[in-house]
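Remember, it's 1-based here, ligands and their atoms both numbered in the order they're listed. Reckoned from all heavy atoms, side chains included, excluding hydrogens, waters and symmetry mates.
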Amino acid sequence: MMEELLTQLKLARIREVYQDWIDKASKEEMSYADFLHGLLSDEVCARGENQIKRRMKQACFPFEKTIEQFDFSLRPELKRQVILNCMDETFVHKGRSLVLIGPPGTGKTHVSISVGIKMIQLGYNVKFVMAQGLINDYVGMKDTGDRQELLNSLARVDLLIIDEFGYLPHDKEAGSLFYQVISDRYEKNGTIITSNKSLRSWAEMLHDSSLATALIDRLMHHGEVFYLSGESYRLRGKKKYLEGDTPSAELNLEMSDCQVKTG
Ligand code: ADP
Ligand code: MG
């Protein structure tokens with residue numbers, strides 16, 4: 001009977017734990033108020049956790065790393081305070097953006113994911129997409145209705161992370177796609193882009209310099225760009241193999257990874 005009522009009310013967590021709470025209440029002579037408060041808090045807590053889990057899944061992060069796991073001393077050009085400033089609500093509310101540019105292994109994806117995780121914890125929804133995957137999806141849609149739906153769904157996301165922008169030569173249609181995505185989000189919600197190409201070469205990458213200028217203009221109005229440099233974190237301490245003539249199997253893997261990514 002109790003279980004049915006709790007199911008009807010969609011109080012899943014209470015349904016799981018109410019018997020324990022009843023036992024605890026009678027053992028500890030808990031007041032009615034404390035009992036009710038404890039039970040309801042349990043439900044609220046579980047819902048919050050479930051929502052975070054759901055949002056983490058929807059975000060499609062390729063890996064999960066936090067800013068605490070990021071060693072800023074390796075990338076002095078990336079100011080800790082500026083990145084920490086990206087981790088508050090204004091990043092979404094004020095439609096701010098962050099552009100991270102640098103060679104492979106400098107932590108661009110790591111930093112973008114850590115901002116994403118923080119936003120999820122603050123109650124926002126986040127979507128992580130690979131630039132190339134997005135273009136392929138878009139170009140593959142021949143129906144304008146489907147394309148519009150894809151654009152609308154991207155416009156609704158509180159924080160959109162576009163990873164590896166410009167790693168591979170982009171299709172001619174990429175320019176209008178990215179311009180549309182950025183202008184839909186302009187002053188409305190947060191955007192992070194990672195790339196291995198400087199802003200200067202985005203025009204060439206998008207086959208249209210006025211479009212690229214308009215895109216960068218919107219992106220930078222409330223945004224910041226960081227150029228990361230230095231040794232790849234993936235290759236740290238392995239420099240001797242790069243210089244020597246006996247590369248390890250592990251290094252071979254890393255090198256082919258770099259070649260694919262830099263195109
Ligand atoms: P990029 O996107 O620039 O190619 P990633 O963010 O994918 O680089 O980083 C490659 C790997 O190295 C990841 O596992 C990441 O967590 C780690 N990494 C990179 N930079 C740092 C750093 N400064 N501190 C800790 N881990 C790092
Ligand atoms: Mg990356």
Check your understanding: Would F91 and Y124 count as a close aromatic pair, with their ring centres under 6.0 Å?
Key ->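 Ring centres of Y124 and F91 not closer than 6.0 Å.
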Check your understanding: So, is G105 polar-close to ligand 1, with some N/O to N/O distance under 3.5 Å?
Key ->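 There is such a contact, yes.
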Review point. So is there a nitrogen or oxygen of L74 less than 3.5 Å from a nitrogen or oxygen in ligand 1?
Key: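 Looking only at distances, the answer is no, because the N/O contact criterion of under 3.5 Å is not met.
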Review point. Taking atom types as modelled and ignoring hydrogens, do the side chains of N189 and T191 form a donor-acceptor contact shorter than 3.5 angstrom?
Key: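 N189 vs T191: no donor-acceptor pair found between side chains.
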Check your understanding: Do you see a donor-acceptor pair shorter than 3.5 Å between the side chains of R15 and T7?
Key ->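 On atom types as modelled, these side chains qualify, holding a pair under 3.5 Å.
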Check your understanding: Thinking salt bridges, do R147 and E173 make one under a 4.0 Å N-O criterion?
Key ->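 Yes, R147 and E173 are salt-bridged.
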**Study point:** Option of least heavy-atom distance to atom 7 (O) of ligand 1 (set: H110, K65, R234)
**Key:**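 Selected option, by shortest heavy-atom distance: R234.
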Check your understanding: Is there a heavy atom of T106 sitting under 4.0 angstrom from any atom of ligand 1?
Key ->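 Yes.
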Check your understanding: Can you name the closest pair of heavy atoms from R47 and L9 and give their distance?
Key ->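 Minimum heavy-atom separation between R47 and L9: NH2-O, 4.5 Å.
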Review point. Below 2.8 Å, any N, O or S contact between T109 and the Mg ion (ligand 2)?
Key: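 An N, O or S atom of T109 is closer than 2.8 Å to the Mg ion (ligand 2), so yes.
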Point to revise | Those atoms of ligand 1 less than 4.0 Å from some heavy atom in P104 | key: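 Contacts of ligand 1 toward P104, numbered from 1: 4 (O).
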Check your understanding: Counting from 1, what ligand 1 atoms have a heavy atom of Y233 closer than 4.0 Å?
Key ->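 Those of ligand 1 that fall under 4.0 Å from Y233 are 12 (O), 17 (C), 18 (N), 19 (C), 20 (N), 21 (C), 22 (C), 24 (N), 25 (C), 26 (N), 27 (C).
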**Study point:** Minimum side-chain heavy-atom gap L159-R96 below 4.5 Å
**Key:**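 No, every pair of side-chain atoms sits at 4.5 Å or beyond.
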